[in-house]
K.L.:
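A single structure is presented below for examination.
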Amino acid sequence: MVTRNARIGLVLFGIYATCYAAFVLTNAFVADAMDATPFAGLNVAVLSGFALILLALVLALVYGFAADGEDAGSEREDTQ
Amino acid sequence: MIYDVSPLALAIFAAFVTVTLGISFYLGRSANSSAGYFAAHGQIPWFVNGIAFAGDYLSAASFLGICGMIAFYGYDGFLYSIGYLAGWIVALFVVAEPMRRLGKFTFADALNSRFQSRGIKIIAGISTLAVSIFYLIPQMVGAGVLVQPLLGLPHWVGVVLVGVVVILIVVSAGMVSTTWVQFLKGALLIIFSTILTVIVLNRGLTVTSPVDAAAASEASDALRTLGPLPAAEGTDGPTLRGPATELPGLTGETVVGPSDGWVGTPFVRTRNNASGRLTVWHPRETLEGKHFLDECQIVTRSLEGAELISGLPRAKQRDDGGALLRSVGSVSRLPDGAESTGPLGPLEYFRVLGQSEVRVWRNQRIAEDDGGISTVYYPKPTAGSQVLRPGEHPRFAGIRSGGWLDRLNFLSLMLALFAGTASLPHILIRYYTVKDESAARKSTIVGIACIGFFYVLTLYLGLGAMTSGALDVTDTNMSAPLLAKSVSDPLFAAISAIAFTTVLGTVSGLILASAGAVTHDLIDSFRSEPLSDDRKVAVAKVSSVVVGAIAVALGILFKDLNVSYLVGWAFSVAASANLPALVMLLFWPRVNRQGIIASIAVGMVSSLTWILLSADTYAKVYGLPAADAPMPFSQPGLVTIPLAFLTLVVVSLLTPPHELPDQAISS
């Protein structure tokens, strides 16, 4: 039932969910960390926000290239 | 401020609506089967569908709500952008292809593909209707909010206008015209937002100061600052209370003594002896220890509902003795004492803003002696660095200083945004309009690119509006269009018209999802035989009209409610009701129909109940004290989403496993 695409999808999803969770938890519990300006005078809040948006696109493109063109359209589901 | 009804705005607006309707009728000729009406024959090209995703998804809440929130509070609005976009990752990696593979027209189809159960269709249909209607209300309210200043018409006219146009679109060609409207609107929204962002960056930041009250002329309408105030005798600094009848340096105005509601507030009031105009002043101390008084704005609503601005009735035209609100939003200090920065690069913008000081506006409500309520809008100089980090907005302030419950509330909201996108029925049905899973995948990727890009722009638009001097203190939703107005009137007209078609696009999708739920899921389930194809389309059109009418009525009824708040409701209910069932269907073989039905029902009811009993609803909808609300925090997601998952697992395990299709004719 879990196709190749679905497996790739889950891995990529896991990567993103971890990054998102890190972002959200930092904001919830260590909000002051967001003020630091590590790079080019930009603070962590803006940098991480942009990074998450960019990561979404990058992962989406990776998925686009890695996924099968003809997917499980012909795979019948096995109900167990 | 007076929103002049500009004929140009009207013309552009009418043009947009006409073109949209034209496309609709033209395409409507071919959509007479249910496959055509609900799913556009599955023939929408993936690239078009991708942009239509953006046009469907980026509703008033995104464009107006988020930019407005950023314009007034800074980074916090951007948290919504991040959460909304993250939800698309769930959609792409978990839901997109299976949805396309499993279903025909609606979300209930996909859920039901294995079980052929009436119960599933009914509960999923109800869930779709509930979420869609919750999502519809803020869109309709938003339409009224937009039309009021743009066309000078009352709120209900905007709502009715949207309702009528959308009903025409949806009834004429269903999904085909809806898709093309969303495609058009998505493209325009992104193009014009890009143009506006480039203008914001090119403009850079400029210091604007209020006028010195001592030197201000009578005729000037600009906001004033009084000071530096001289120290009173025997004290270290100026006293603002005391027997003074006049403020030093301010001639022609008499100090109004504090009445009950005003005692204990920092404000001082003066009344102009000649015009009767009331001015409220807010004290400010600079780093050097000098004291100033900044002019505020005040709107008073009496018990009977009459509205006064600065103690005078609202001016209908200039110089008629009335008063207006002034536009606000400025930079009070730039790094190195510069007056203006000139054009800034995209990253440079944040760097410079972070080292500047911005004048943001907050408000405070004060009860007047005669039963009326005054809202005072006062300027608050804030460090740029504070505006660029989370925690400024009252809803998010808890992450900096609050206790556990505030943090849980925040986590709950971010979880609902993450899980909600992939559960929204009007997004899910868009998967049926492309021809196969590969197209579903590619169109989602295009959608993510467009939506992600747009959300990056919202940060620039919001901050640009914050420093543009064009904000309306009473209406955060108008921030992005007003930013455009500060550039030029034609741009304002275009952006407002686009914002309006934004509402059209999303509302069409929602009504179509609702019509599908009513016709394909609910009515078909209660009949012994499904409707014939043309009857189905006819019934769908009638349902569209009915749902549209209900949406109009609710939009008028809820007109004072905060738009983004309602959208949050819809996300929480969708995520709790729909996502657990969908995810488990895809990844857990032991799931059965009872589990799915229970999960959707529990998710929907628990999240709705939680919301209706939450502090936010108590305060804003019922008008009761927030402290009385039984729920510990306002966002249910953190509790109700796992609850729905748990229900599904427990019920599936407690009931017999699903039998193979040819053995079960379940009902």
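Every chain is numbered from 1 and lettered A, B, ... according to where its sequence line falls, protein lines coming before strand lines. Worth knowing before you read on, the calculation uses all heavy atoms, side chains too, and leaves out hydrogens, waters and symmetry mates.
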K.L.:
Return the CD1 to CD1 distance between I53(A) and I451(B), rounded to the nearest 0.5 Å.
P.N.:
11.0 Å

K.L.:
Search all heavy atoms of R389(B) against all heavy atoms of A45(A) and return the closest pair with its distance.
P.N.:
CA-CB, 4.2 Å

K.L.:
Counting only non-hydrogen atoms closer than 4.5 Å, does D35(A) touch chain B with its backbone (N, CA, C, O), its side chain (CB onward), both, or neither?
P.N.:
side chain

K.L.:
Starting at CZ of R400(B), measure out to CG of N27(A) and round the result to the nearest 0.5 Å.
P.N.:
8.5 Å

K.L.:
How about F50(A) and F350(B): are their ring centroids closer than 6.0 Å?
P.N.:
yes

K.L.:
Which pair of non-hydrogen atoms, one from G64(A) and one from I445(B), has the smallest distance, and what is that distance?
P.N.:
CA-CD1, 3.5 Å

K.L.:
Only pairs of heavy atoms separated by less than 4.5 Å count here; which of Q386(B), Q355(B), E348(B), M414(B) has the most with chain A?
P.N.:
M414(B)

K.L.:
Which of the residues G83(B), G452(B), A86(B) is involved in the greatest number of heavy-atom pairs with chain A at under 4.5 angstrom?
P.N.:
A86(B)

K.L.:
Quick check for you: among V46(A), L57(A), L61(A), which has the greatest number of heavy-atom pairs under 4.5 Å with chain B?
P.N.:
V46(A)

K.L.:
When only pairs under 4.5 Å are counted, which of N409(B), L347(B), V352(B), L415(B) shares the most heavy-atom pairs with chain A?
P.N.:
L347(B)

K.L.:
Where on L55(A) is there a heavy atom nearer than 4.5 Å to chain B: the side chain, the backbone, both, or neither?
P.N.:
neither

K.L.:
Given a strict heavy-atom distance threshold of 4.5 Å, which part of L42(A) is in contact with chain B: side chain, backbone, both, or neither?
P.N.:
side chain

K.L.:
Locate the shortest heavy-atom distance separating F13(A) from V90(B); write the atom from each residue and the value.
P.N.:
CE1-CG2, 3.7 Å

K.L.:
When the ring planes of Y20(A) and F418(B) are compared, do they come out parallel, tilted or perpendicular, using 30° and 60° as the limits?
P.N.:
parallel

K.L.:
Looking at CZ of F410(B) and CG of L25(A), how far apart are the two atoms once the value is rounded to the nearest 0.5 Å?
P.N.:
9.0 Å

K.L.:
Between V94(B) and chain A, which part of the residue has a heavy atom less than 4.5 Å away: side chain, backbone, both or neither?
P.N.:
side chain

K.L.:
Could you report the tightest heavy-atom contact between S48(A) and Y75(B), atom names first, then the distance?
P.N.:
OG-OH, 4.4 Å

K.L.:
CG/N43(A) to CZ/R351(B) distance, rounded to the nearest 0.5 angstrom?
P.N.:
12.5 Å

K.L.:
Which atoms of F29(A) come close to chain B, meaning under 4.5 Å heavy atom to heavy atom: side chain ones, backbone ones, both, or neither?
P.N.:
both

K.L.:
Could you measure the distance from the CZ atom of F93(B) to the CG atom of L59(A)? Nearest 0.5 Å is fine.
P.N.:
5.0 Å

K.L.:
A17(A) versus chain B, heavy atoms under 4.5 Å apart: side chain, backbone, both or neither?
P.N.:
both

K.L.:
For a 4.5 angstrom cut-off between non-hydrogen side-chain atoms, does L92(B) reach Y16(A)?
P.N.:
no

K.L.:
L408(B) versus chain A, heavy atoms under 4.5 Å apart: side chain, backbone, both or neither?
P.N.:
neither

K.L.:
As an exercise, state the distance from CG of L52(A) to CZ of F78(B), rounded to the nearest 0.5 Å.
P.N.:
9.0 Å

